[in-house]
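Keep in mind that what you see is a predicted model, and the values were worked out from it rather than measured.
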Amino acid sequence: MITMETPGLVADCETLLGRFQETDSVRFEEFAAIWKDMKFSQIFFGGMRNLEQCKFAREAFSIACKYFLPPYTFQIRVGALYVLYGLYNTQLGQPKQKIRIALKDWNEVETFYQDLLGAQHFDAAYIFRQLRLNRAFHFTGMPTLLTFWSTKNPLRHVGKEEFKDIRDRVQDLVTPETLEEMLNIHEHYRRTKCLISADKSQPDRALSLVKEDFVENLNNCLSEHELWKTEKGKPKIRNDDVKDDVKESTSQESEESERAKALAIIKAKSYSAVTQASKSRRHRQVQLASSESSSDCAVEQSQKRKKTRKKTEAKGAAKKSLSSKEISMPTIPEEDYSSSSSEDIPVTKRKRKKN
């Protein structure tokens with residue numbers, strides 16, 4: 001496989017990760033600010049065709065993925081995860097290229113994810129989860145693609161020494177077996193001193209060249225070292241966040257107290273409205289609100305009764321008028337006698353006189 005020569009991309013990735021290492025944090029907001037400041041998403045804006053874009057994306061993923069795996073520090077590995085997330089979502093080639101992860105390295109990735117959850121770095125765990133859901137990983141047998149033209153002895157990746165995780169020499173030097181062996185040697189040394197000394201039960205003070213609690217102190221130092229490592233991996237809480245939490249809690253408490261006061265005032269008003277009757281009239285004791293409501297209901301009922309009476313009376317009168325009309329005979333209107341007499345008497349014509 002003919003690889004692209006991208007020494008500038010390696011330098012840019014190392015610069016980005018170096019600036020992220022200086023923040024002494026693993027928060028995504030810190031990385032996003034550096035990403036925007038460097039305008040890192042513009043590396044895909046060169047005048048390249050789709051095939052060249054895909055090759056360049058694969059090369060960028062292979063470079064960033066090397067910092068995602070051991071022997072680099074926890075912070076650098078988190079930064080490399082953020083770099084892979086940013087490159088995957090900003091690539092311009094189609095179809096989207098995937099991140100090659102060898103099967104032999106997947107166990108390291110799973111343990112890294114569990115460390116993120118255990119240390120409560122939920123932003124990094126969320127980004128890893130998003131890459132899994134988007135199917136961004138391509139599980140392969142080898143980290144690089146092997147072809148016929150590939151070299152027999154590929155060049156090994158040599159990263160910065162500042163990025164690499166310092167091996168825990170304390171754990172390598174002092175193991176549980178060595179502690180047990182030291183305890184046995186110390187007990188044997190004490191017995192020999194007792195045999196040499198005059199008092200067989202206790203050794204002489206002149207022979208006490210080593211502290212009696214040497215092994216116990218060494219074990220306590222190892223436990224303190226383990227606690228320091230675990231506390232170092234925990235997320236840092238800023239003072240601003242603590243202040244915001246305190247303010248929110250105080251505001252919630254004030255709101256709850258105001259609500260409690262308002263409820264107390266309402267209860268006091270409701271209880272003060274109850275009438276207190278004498279002992280002889282306790283059986284007639286009622287609430288004012290109930291008496292007022294009953295009087296209102298009585299008034300409304302009386303008004304309704306009046307309206308219904310009026311309606312029934314009107315209906316009765318209408319029925320009576322209709323019945324009287326049905327019984328009486330139809331009336332005939334009187335005729336005009338003047339008009340009738342004029343119609344009966346014929347009009348005579350005047351006769352002309354003859355001269």
Can you check whether [Y]'s main-chain N or O pairs, donor with acceptor, with [X]'s side chain at less than 3.5 Å?
X    : Y    : answer
N134 : Q130 : yes
R77  : V109 : no
N89  : Y85  : yes
E30  : T23  : no

Under a 4.5 Å cut-off applied to non-hydrogen side-chain atoms, are [X] and [Y] in contact?
X    : Y    : result
H121 : D123 : yes
R191 : L195 : no
I63  : V83  : no
N184 : E180 : yes
L103 : T140 : no

Could you tell me the separation between the [atom1] atom of [X] and the [atom2] atom of [Y], rounded to the nearest 0.5 Å?
X    : Y    : atom1 : atom2 : answer
R19  : Q21  : CZ    : CD    : 13.5 Å
E59  : L9   : CD    : CG    : 7.5 Å
R58  : Q97  : CZ    : CD    : 4.5 Å
I76  : L17  : CD1   : CG    : 5.0 Å
F45  : K39  : CZ    : NZ    : 10.5 Å
I101 : L131 : CD1   : CG    : 10.0 Å

**Study point:** Y189, OH atom: more than 12 neighbouring heavy atoms under 6.0 Å
**Key:**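 Counting neighbours around OH of Y189, more than 12 heavy atoms of other residues, nucleotides or ligands fall under 6.0 Å, so yes.
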For residues [X] and [Y], report the shortest heavy-atom separation together with the two atoms involved.
X    : Y    : result
G86  : T90  : O-OG1, 2.6 Å
M48  : I43  : CE-O, 4.5 Å
M38  : D12  : CE-O, 4.1 Å
P70  : E108 : CG-OE1, 3.5 Å
A64  : L87  : CB-CD1, 4.4 Å
P143 : K104 : CD-CE, 4.5 Å

Practice item. Apply the test ring-ring contact (aromatic ring centres under 6.0 Å, His included) to residues F61 and F56: give CA-CA distance (whole Å), side-chain angles for both, the deciding distance (0.1 Å), then the verdict. Key: CA-CA 9 Å; F61 289 151; F56 184 75; 9.9 Å; no
Review point. Please walk me through it: do C13 and F40 pass side chain to side chain contact (heavy atoms under 4.5 Å, CB included)?
Key: CA-CA 9 Å; C13 287; F40 210 82; 4.1 Å; yes
Review point. When hydrophobic residues are tied together by side-chain contacts of less than 4.5 Å, even through go-betweens, does L222 share a cluster with I185?
Key: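 Different hydrophobic clusters.
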Practice item. For the pair W106 and F139, name the ring-plane relationship: parallel under 30°, tilted 30 to 60°, perpendicular over 60°. Key: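 W106 and F139: perpendicular rings.
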**Study point:** Ring geometry between F31 and Y82 (parallel below 30°, tilted from 30 to 60°, perpendicular above 60°)
**Key:**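 Correct class here is tilted.
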Point to revise | Under the ring pair (Phe, Tyr, Trp, His ring centres under 6.0 Å) test, residues paired with Y88 that sit two or more places apart | key: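 Result, ring pair (Phe, Tyr, Trp, His ring centres under 6.0 Å) vs Y88: none returned.
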Point to revise | Stepwise side chain to side chain contact (heavy atoms under 4.5 Å, CB included) check, L179 with L218 | key: CA-CA 9 Å; L179 276 174; L218 183 61; 3.9 Å; yes
Check your understanding: Less than 4.0 Å between a side-chain N and a carboxylate O, is that true for R132 and E110?
Key ->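 Counted as a salt bridge, because a side-chain N and a carboxylate O are separated by less than 4.0 Å.
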Practice item. Evaluate the side chain to side chain contact (heavy atoms under 4.5 Å, CB included) criterion for residues F28 and W35: first the C-alpha distance (whole Å), next the side-chain angles of each, then the deciding distance (0.1 Å), finally the verdict. Key: CA-CA 10 Å; F28 181 72; W35 177 280; over 6 Å; no
Exercise for review: Would you please indicate if the ring centroids of F112 and F68 are separated by under 6.0 Å?
Suggested key: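 Here the rings of F68 and F112 have centres that are less than 6.0 Å from each other.
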Practice item. Applying side chain to side chain contact (heavy atoms under 4.5 Å, CB included), run through V26 and L116 and close with a yes or a no. Key: CA-CA 10 Å; V26 292; L116 290 175; over 6 Å; no
